[in-house]
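Sharing a structure with you now.
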There are 2 protein chains.
Amino acid sequence: MDGTQDDLLPRGMALLWGIDERQRRGPRPALTIHDIGAAAVRIADEEGLAALSMSKVATTLGFTTMSLYRYVDSKDDLVLAMLNEAYGAPPAGGPRTQWRPWLIRWCEANRAALVRHPWILQIPMGEPPLTPNLTGWLEEGLTALHSTELSEQEKLSSLLLAEVYVRGQVQLMGAFDTPAAKQGEFGYAARMRRVLDPDRFPHLATALASGALEDDDGGEDEFRFGLEAVLAGIDRLIEKRVAG
Amino acid sequence: MDGTQDDLLPRGMALLWGIDERQRRGPRPALTIHDIGAAAVRIADEEGLAALSMSKVATTLGFTTMSLYRYVDSKDDLVLAMLNEAYGAPPAGGPRTQWRPWLIRWCEANRAALVRHPWILQIPMGEPPLTPNLTGWLEEGLTALHSTELSEQEKLSSLLLAEVYVRGQVQLMGAFDTPAAKQGEFGYAARMRRVLDPDRFPHLATALASGALEDDDGGEDEFRFGLEAVLAGIDRLIEKRVAG
DNA sequence: CATACACAGTGTATGTCGTACGCAGATGAT
DNA sequence: ATCATCTGCGTACGACATACACTGTGTATG
């Protein structure tokens, strides 16, 4: 039999959470789940998610491929550990009574993580990852909204909205802003122009022609702008709550 | 040499867009990119995205694996064709002057597509897919917002917000609502309870205990509710525009 | 009408990957 | 001192995506 398993959490997650039912016999592990996650993150950062393989991670660490399976059940499990490392601890809290700047900081930090680790947007997610750090981010968000009159359900909805906006925004900007080299000839914008028949998509054509989506500032303004809409939506929820 | 290629669009995309530089010699193709996309969609719907392989799609159609490569450049290319089929044509337009109900319908239809094809949320997306139907959806959204005073940039931001909210909502609900069987013992909720220390995550614990996230109606109410916040955010943008 | 060419579908082969299985040595509990 | 148990490793297997070369086919060209 093999410790660490209660068949509910994969091994990597159990290690992340410190739920370790290992017996205290045998050699001590030479690695930690954090070492492995960090090494994998480094590879994904530098060479992209497609270049990430179990063997590459293992080689980087100076171990064999199979040794990793003492720490994670599967590659999916490894990816969860990567997410945990990539996000790190949630941003420091803000003033107790003002949810707005707090939430803005939360979103900015979230965005920063996505910009630093673009591969995060490429990992297929069936369900929200249940890792310590990501759970911490969620807790932090709820804390930011604690001073409001929102119900728990509404707080979660608000955070979902904010989180999901950040992801979408970064993804969209990534398609347009990334290495300008690709833009000119073979980039996304070029392909778009190739297929965009103004007769068939009049509004989209005018939008493109108007220069929308051609931010050169990395989409910072655009981000803050859309974020205002998100916060306005949350504001409306709060107003409704207070009013009736 | 081989027609259909201008090295800008992958072959599957070129076929979808009807940009076909094929010579008019040789046997006619027995399949269409739509046949292939539809077959792949059926497999993903029934057996999940993980079970999708080139050979399985080909077998379903009664052809060999390699024959598919006459229609798509790669599996990624196939996935784009799948998305195009899965979304289909955008929903019918609404009244010219009222963007709100129009956009609501747009979001509902979007949600319906995601619920019908849950695998969509699992496909890794680096950039917004540039297929005819998806472009049509975007155009339709811009049309809905045409009567507003928003700038083109703002319209796109608004649609991004709406789109991205729908995705996030469906994904979150999927993690909780799917086959209740899994919920009881080994489901997401169970794993969450396993790791959620109320001392470490007080707000999250109370939120969970409050019964949030325990919709049994498939999250319909929850969806409409959050959507209200999104629309309120867009409303705010419009008001700002009008005011100043 | 004859011919040649481009293209469709196929068969084979290759390299990569995830991962199941079992072993040898190390370590600490008994 | 003994032995259960764990670590890291070597081997092996099965999928899978996909490159390449071949065969037959139907159309356009002479």
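All figures in this text were calculated on a predicted structure; none of them were measured in a lab. Per chain, numbering begins at 1; letters A, B, ... match sequence-line order.
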- prompt: Of all the nucleotides listed (D:dT27, C:dG25, C:dG9), which has the minimum atom distance to the side chain of B:Ala30?
  reply: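 Closest nucleotide to the B:Ala30 side chain: C:dG9.
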query: Does the side chain of B:Asp77 come under 3.5 Å of the side chain of B:Ser74 through a donor N or O and an acceptor N or O?
result: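 Their side chains do not contain a donor-acceptor pair, so the 3.5 Å distance test is not met.
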message: Please report the distance, rounded to the nearest Å, between CE in B:Met66 and P in D:dT23.
response: 17 Å
message: Quick check on D:dC9: is either OP1 or OP2 less than 4.0 Å from any side-chain nitrogen or oxygen of A:Ser67?
response: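 Yes, such a contact exists.
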query: With a 3.5 Å cut-off and just heavy-atom distances, do the side chain of A:Arg70 and the base of D:dG8 make a donor-acceptor pair?
result: yes
task: Output the distance between atom CG (B:Leu83) and atom CE (B:Met125), rounded to the nearest 0.5 Å.
output: 7.0 Å
- request: Using heavy atoms and a sub-4.0 Å distance, could you list which residues of residues 39-63 of chain B are near DNA chain C? By number, please.
  value: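 Under 4.0 Å from DNA chain C: B:Phe63.
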field: A:Thr64 side-chain proximity, nearest of D:dG10, C:dT27, C:dA8
entry: D:dG10
message: For a quick test of reading the model, state the closest non-hydrogen atom pair linking B:Ile19 to A:Arg194 and the distance between them.
response: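 Taking every non-hydrogen atom into account, CG2-NH2, 3.5 Å.
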query: When the distance from CG of B:Leu31 to C1' of C:dG9 is rounded to whole Å, what number comes out?
result: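 For the pair B:Leu31 CG and C:dG9 C1', the rounded distance is 10 Å.
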Upstream residue (5' side of DNA chain D) when B:Gly26 and B:Thr65 are each assigned their closest nucleotide: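 Its nearest nucleotide being more 5', the pick is B:Thr65.
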message: Under a 3.5 Å cutoff, is there a donor and acceptor pairing between the side chains of B:Asn110 and B:Trp137?
response: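 Looking only at side-chain atoms, B:Trp137 and B:Asn110 do not form any donor-acceptor pair under 3.5 Å.
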message: Whether B:Arg11 engages the ring of B:Tyr71 as a cation-pi pair (distance to the six-membered ring centre under 6.0 angstrom, angle to the ring normal within 45°) should be assessed.
response: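 Ring-cation test returns no.
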field: Nucleotide C:dT16, atom C1' - distance to NZ of A:Lys75 in whole Å
entry: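 Checked: the NZ to C1' distance equals 11 Å.
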Identified pairing partner of C:dA4, criterion: Watson-Crick or G-U wobble below 3.5 Å: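 Paired with C:dA4, as far as the under-3.5 Å criterion goes, is D:dT27.
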field: Atom pair distance, as rounded to whole Å: CZ in A:Arg25 and P in D:dT5
entry: 6 Å
- prompt: Does A:Ser74 or B:Arg28 map to a spot on DNA chain C nearer the 5' end, using the closest nucleotide for each?
  reply: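 The residue mapped nearer the 5' terminus is B:Arg28.
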task: Search all heavy atoms of A:Ala39 against all heavy atoms of A:Thr60 and return the closest pair with its distance.
output: CB-CG2, 4.4 Å
query: Just to confirm, is there a sub-4.0 Å distance from OP1 or OP2 of C:dG9 to any side-chain nitrogen or oxygen of B:Tyr71?
result: yes
field: d(CG, B:Asp35; C1', C:dG9) in whole Å
entry: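 Roughly 15 Å, once rounded to whole Å.
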message: What is the distance, to the nearest angstrom, from the CG atom on A:Leu78 to the P atom on C:dG18?
response: 9 Å
- prompt: In Å and rounded to the nearest 0.5 Å, what is the CG to CG distance from B:Asn84 to B:Asn133?
  reply: 4.0 Å
